[in-house]
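Just so you know, these numbers come straight off a predicted model, no measurement behind them.
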Amino acid sequence: MSWILLLLAGWMTGLSGWVEGAAAFRIERDALVVAVGDAEAIRFAWRAPDYSVSLAMPVPVVSARGPLPRVRGAAGLPLVVLDPGHGGRDPGAPGPDGVTEKALTLAAARTIRDALLASGRVRVAMTREDDSFVPLQQRSEMARQLGAALFLSLHCDSAGDPLASGGTLYTLSEVASDKEAARMAARENRADLLAGVDLGSARVDIASLLIDLSQRRTMAVSARYADLLAREVAPALHLHTRPRRMAALMVLKAPDMPSVLFELGYVSNAQDARTLASSAGRERLAAAVRRATEIFLATR
């Protein structure tokens, strides 16, 4: 920078030789170039050239898939996968008297499993059979790996208003059907993940179209099962005044597997919590789920 100032000062004060010499000056990128001969020049740079740094990184290693859950029932029958929400270090929503969402959903899933197996018409697997933590993104993927014909995720809702009550059935929508559904999606999702489908070497636009078409068809089938559930459960379990809703929930995004999320009731409501904590309440629920599931699978 000092060379530039010196040259400019000499030119402005009219020192001999500087005016003629100015014709030999030229500005190039980030530098002043002064010709000192027919073929020689001096280059004065005032900023360091751009540079890049390369670091050797190890090739990412895809972690091995964990063990798949146990499948109960005779081989060849359609498989229903039950997904008791939360578990382990994730207790879910708290309820009165210390009851937790994870405990209520697990108890309900076990009763529903037993009722479905007693029918002799389906096989059943559960994403968790005890108080263990299962990452959200692995739940529906387990069912897909097992080739499930149906995926039913069980949760309990919660609200600041203790009078809020009733079960709600959710199916997939990229746009939540209302603010309550959007709130529920935000609460349940820890991250967003498009369900993966092996499309080989298909172009990105073609793969996207195929996934979209498959997912739209699956959404319609899921909605039919949710409608059946609402119809069969209504006489046995208190449902919300608007029991059918849609939300962009991660566990519902498998493009090739009918999936429904069933909010069994409000854990923050004393009556709902008592019903789900009682064996009689769970058995009524399980019988209704069994009827809806049998009708659904028989008419597919």
Side-chain angles (χ1 to χ4, degrees), residues 66-73 79-95 98-118 122-146 148-158 167-171 184-185 187-190 222 225-226 229 233 236-237 247 249-254 257-268 272-290 292-293:
L68 293 176
R70 175 186 175 186
V71 177
R72 291 177 168 88
L79 173 63
V80 177
V81 173
L82 301 174
D83 174 42
H86 307 280
R89 63 175 181 267
D90 177 13
V99 67
T100 60
E101 180 181 1
K102 69 175 183 179
L104 293 177
T105 58
L106 181 59
R110 287 170 173 167
T111 307
I112 294 172
R113 175 198 63 195
D114 294 343
L116 290 174
L117 289 173
V122 297
R123 294 177 296 146
V124 182
M126 293 171 55
T127 57
R128 68 179 182 95
E129 295 192 355
D130 53 23
D131 185 19
S132 58
F133 175 77
V134 181
L136 187 64
Q137 61 270 26
Q138 291 183 13
R139 294 174 180 261
S140 61
E141 183 58 27
M142 287 179 180
R144 293 188 67 244
Q145 291 180 48
L146 291 171
L150 185 62
F151 178 80
L152 179 60
S153 188
L154 303 173
H155 288 258
C156 294
D157 213 331
S158 179
T168 312
L169 294 146
Y170 286 85
T171 54
M184 191 268 179
R187 180 171 68 88
E188 294 295 343
N189 288 350
R190 299 298 181 268
S222 300
Y225 178 60
L229 272 177
V233 169
L237 188 75
L249 296 164
M250 182 186 299
V251 293
L252 302 178
K253 287 192 173 184
M257 179 179 64
S259 306
V260 172
L261 186 142
F262 193 176
E263 293 277 352
L264 302 172
Y266 282 74
V267 71
S268 52
D272 282 2
R274 280 195 297 270
T275 299
L276 294 173
S278 69
S279 58
R282 292 194 299 268
E283 287 171 3
R284 291 196 303 270
L285 167 66
V289 173
R290 170 180 167 173
T293 303

Checklist entry - Between Lys102 and Leu106, does a side chain to side chain contact (heavy atoms under 4.5 Å, CB included) hold up when you go through it step by step? => result CA-CA 6 Å; Lys102 69 175 183 179; Leu106 181 59; over 6 Å; no
Reported [atom1]-to-[atom2] distance for the pair [X] and [Y], which is rounded to 0.5 angstrom:
X: Arg113; Y: Arg123; atom1: CZ; atom2: CZ; answer: 15.5 Å
X: Ser132; Y: Arg89; atom1: OG; atom2: CZ; answer: 11.0 Å
X: Asp83; Y: Leu252; atom1: CG; atom2: CG; answer: 9.5 Å
X: Thr168; Y: Tyr266; atom1: OG1; atom2: OH; answer: 5.0 Å
X: Glu129; Y: Arg110; atom1: CD; atom2: CZ; answer: 8.0 Å
X: Met250; Y: Leu261; atom1: CE; atom2: CG; answer: 12.5 Å

Where is the tightest heavy-atom contact between [X] and [Y], given as atom of each residue plus distance?
X: Gly167; Y: Phe262; result: CA-CE2, 4.4 Å
X: Ala108; Y: Leu264; result: CB-CD1, 3.7 Å
X: Arg70; Y: Arg72; result: NH1-NH2, 3.0 Å
X: Gly88; Y: Asp131; result: N-OD1, 2.8 Å
X: Leu146; Y: Leu68; result: CD2-CD1, 3.7 Å

Item to check | Steps toward side chain to side chain contact (heavy atoms under 4.5 Å, CB included) verdict (Leu285, Thr111) | outcome: CA-CA 9 Å; Leu285 167 66; Thr111 307; over 6 Å; no
Checklist entry - side-chain hydrogen bond (donor to acceptor under 3.5 Å, both in side chains) with Asp272: which residues, sequence neighbours excluded? => result none
With no hydrogens and no angle check, is any side-chain donor or acceptor of [X] less than 3.5 Å from a backbone partner on [Y]?
X: Arg128; Y: Pro84; result: yes
X: Thr105; Y: Gly85; result: yes
X: Arg290; Y: Ile112; result: no
X: Arg282; Y: Ala277; result: yes
X: Arg284; Y: Ala236; result: yes
X: Arg139; Y: Thr127; result: no

Any side-chain heavy atom of [X] within less than 4.5 Å of one from [Y]?
X: Thr293; Y: Leu150; result: yes
X: Val134; Y: Met142; result: yes
X: Val80; Y: Leu82; result: yes

Checklist entry - Without hydrogens or angle criteria, can the side chains of Ser259 and Tyr225 be said to hold a donor-acceptor pair below 3.5 Å? => result no
Item to check | From CA spacing to verdict: side chain to side chain contact (heavy atoms under 4.5 Å, CB included), Leu154, Leu152 | outcome: CA-CA 6 Å; Leu154 303 173; Leu152 179 60; 3.9 Å; yes
Item to check | side chain to side chain contact (heavy atoms under 4.5 Å, CB included) assessment of Cys156 paired with Leu276 | outcome: CA-CA 9 Å; Cys156 294; Leu276 294 173; 3.8 Å; yes
Next on the checklist: With side-chain contact (heavy atoms from CB on, under 4.5 Å) as the test, pick out the partner of Tyr170 among Val260, Leu249, Val251.
Outcome noted: Leu249
